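A short write-up of the structure that comes next.
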Amino acid sequence: MTQQKLLCDIGFIGLGVMGKNLVLNLADNGFNIAAFDLSDDKVQAVIAQDESENTTNTPRVYGCSSYTELLSQLKAPHLIVLSVPAGAPVDQVCENLIGAGIQPDDIIIDTGNSLWTDTVEREKRYKSNFLLFSSAVSGGEVGARFGPSLMPSGSPYAWARVKPIWEAIAAKVDAQTGKPMVRTQPGQVITDGEPCAAYIGPAGAGHYVKMVHNGIEYADMQIICEAYHVLKSGLNLSCDEIADIFEKWNDGPLDSYLMEISVEVLRHKSSDTNTPLVELILDKAGQKGTGLWTAMSSLELGCPAPTIAQAVYARSISSFKTLRTQASTVLDGPEQPALSEIEKQQVITQLHDAMYCAKICAYAQGFQLMKLAAKEHGWTLDFASIAKIWRAGCIIRAAFLQSITDAYQRDETLDNLMLDDFFAKQLNDRQLNWRKAICHATMQGVPIGALSTSLAYYDSMRSETLPANLLQGQRDFFGAHTFERIDKPSGKKYHVQWSTKARETIQVDT
Ligand code: 6PG
């Protein structure tokens, strides 16, 4: 098929893995694309792939060799999608488009994992040049190709234009069952079902929500990794045996994409050794920053998200491989007691429940964080809608997200997911097993930071009384920071001369 000049619906810049697949997804859904990348090889690759997959006689992707050519190929006002790395590259492309003559009523959609505050700042900075809209995308390369979860935010005017396109390319969920409707073949489109694309709010809100999605993703992944560690090091199971257990669990409340891919990773054999590849992978985890941003935001807002923060720490600890290797020769752990077959089965059941409870905590933390951020930044976030668009397409997609949707539909003001009747029952029914799994892993010396910090979170959140009374006493002792008393009117502050010689209580004006 020869390249013909088209007046295209959408301009697309950045043809890496995500960009290329989004272009092909847009093309499958009937949109013509003018595509540009700094690497001409990438432009040619997307054209070649489109030509091999295109079953119509009309070319769907037009390759461009410059920003100016890209603009000249688009219907006005121009709609341009960016899929470039977060940070400086986004600004470089914006400046280049300004140089190429982009107009104030043109729309640029940033689909990268931008820091949400950068998005807020960019929308203001480029206001007189063009309309910056953002839409975080989750789902990796397969999601981008066959239906991602999309978290758009920014100008409602821009959203009106983007909405039909986004709803067409997004993952779809069966409205009756709440289950994903899966596309797997090029050219396949799904026109019914509920799209996993919903307007999140003003500039920055969508990227914030995606950031929290990634924080939950970190926690979810770490919880699975800790379960693997307990089963492997604590129970001495093989990768195939662990995969069998995870596969079984994936039929129950832990049903999720991350469990599904973990089964595949565990079963995969290295082509050269024919042993599980996972056991040959160096145990140092990478990270690009979105989990860290989530943990930082939780600290800034004073919203506890320890499971998410612990998942970030776990990646950091893993990266200290040399230090860990050295410490492993110096620091003792417990003797690993031999377990009977019955005891092993009990641990497996307890571990399942521990994972489920920790997972509920991670989501409870993420949703509470979004609630506090919305209050802080003046956003109106619809949590049922956010849970809905995470039911398919995204990395944390899980059957469980239907239950979260239901919880927020029952009560949109819910302060914490653990207070919802359904989730409270899930936790109450399993908390004993959760504790037993933690005890077992601790006595085996297997680190289970996410599982155990979640339990501490659960126990703290359900404690009417915490030892912060002593903490307030300590603060007042050394810094005269004052405290309130439970037997006196609320809001009155007191300070005490704590030394044994002077015991007088002084009421401080507030
Ligand atoms: C998604 C993923 C995606 C990316 C992560 C990886 O939702 O599609 O979250 O955004 O894979 O950013 O992050 P790390 O490299 O930090 O694990």
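Start at 1 and go down the list; that is how both ligands and their atoms are numbered. Note that this is a predicted model, so its numbers are computed, not measured.
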Is it true that His213 lies under 4.0 Å from ligand 1, counting heavy atoms only? yes
Quick one: does Gly291 get a heavy atom under 4.0 Å from ligand 1? no
Any ring pair (Phe, Tyr, Trp, His ring centres under 6.0 Å) pairs touching residues 282-307, not counting sequence neighbours? none
Shortest protein contact, atom 5 (C) of ligand 1 (heavy atom only): Asn214 ND2, 3.8 Å
Quick one about Ser114 and Thr119 (side-chain donor to acceptor, distance below 3.5 Å, no hydrogens or angles considered), yes or no? no
Identity and separation of the nearest protein heavy atom to atom 12 (O) of ligand 1: Asn113 ND2, 3.2 Å
Please work out whether the ring planes of Phe367 and Tyr363 are parallel, tilted or perpendicular, with thresholds of 30° and 60°. parallel
Is the terminal nitrogen or CZ of Arg315 (NZ for Lys, CZ for Arg) located under 6.0 angstrom from the six-membered ring centre of Tyr218 and within 45° of that ring's axis? yes
Do any nitrogen or oxygen atoms of Val137 lie less than 3.5 angstrom from nitrogen or oxygen atoms of ligand 1? no
Taking the six-membered ring for Trp and the single ring otherwise, decide whether the centroids of Tyr408 and Trp390 are under 6.0 Å apart. no
Judged by non-hydrogen atoms, does Gly139 sit under 4.0 Å from ligand 1? yes
Anything under 30° is parallel, anything over 60° is perpendicular, the rest tilted; go ahead and classify Tyr126 against Phe130. parallel
Could you check atom 7 (O) of ligand 1 against the protein and tell me its nearest heavy-atom contact, residue, atom and distance included? Ser138 OG, 2.4 Å
For residues 135-149, dump all side-chain donor-acceptor pairs below 3.5 Å to protein atoms at least two apart in sequence or in another chain.
unit_1 : atom_1 : unit_2 : atom_2 : d
Ser135 : OG     : Trp166 : NE1    : 2.6
Ser138 : OG     : His213 : NE2    : 3.2
Ser138 : OG     : Ile395 : N      : 3.2
Arg145 : NH1    : Asp28  : OD2    : 2.8
Arg145 : NH2    : Asp28  : OD2    : 3.0
Arg145 : NH2    : Glu53  : OE1    : 2.7
Ser149 : OG     : Ile389 : O      : 2.5

Please assess Asp244 against Arg267 for the test salt bridge (Lys or Arg N to Asp or Glu O under 4.0 Å), listing each intermediate value before the final yes or no. CA-CA 9 Å; Asp244 289 344; Arg267 288 207 196 289; 2.9 Å; yes
If you take the nearest heavy atom of each of Arg315, Gln287, Lys288, Glu217, which one is closest to atom 17 (O) of ligand 1? Arg315
Check each atom of ligand 1 against the heavy atoms of Gly140 and keep those under 4.0 Å away; list them by number with element. 8 (O)
Going by heavy-atom distance to atom 3 (C) of ligand 1, choose the closest among Glu141, Lys210, Met211, Met18. Lys210
What protein heavy atom sits nearest atom 16 (O) of ligand 1, and how far away is it? Tyr218 OH, 2.4 Å
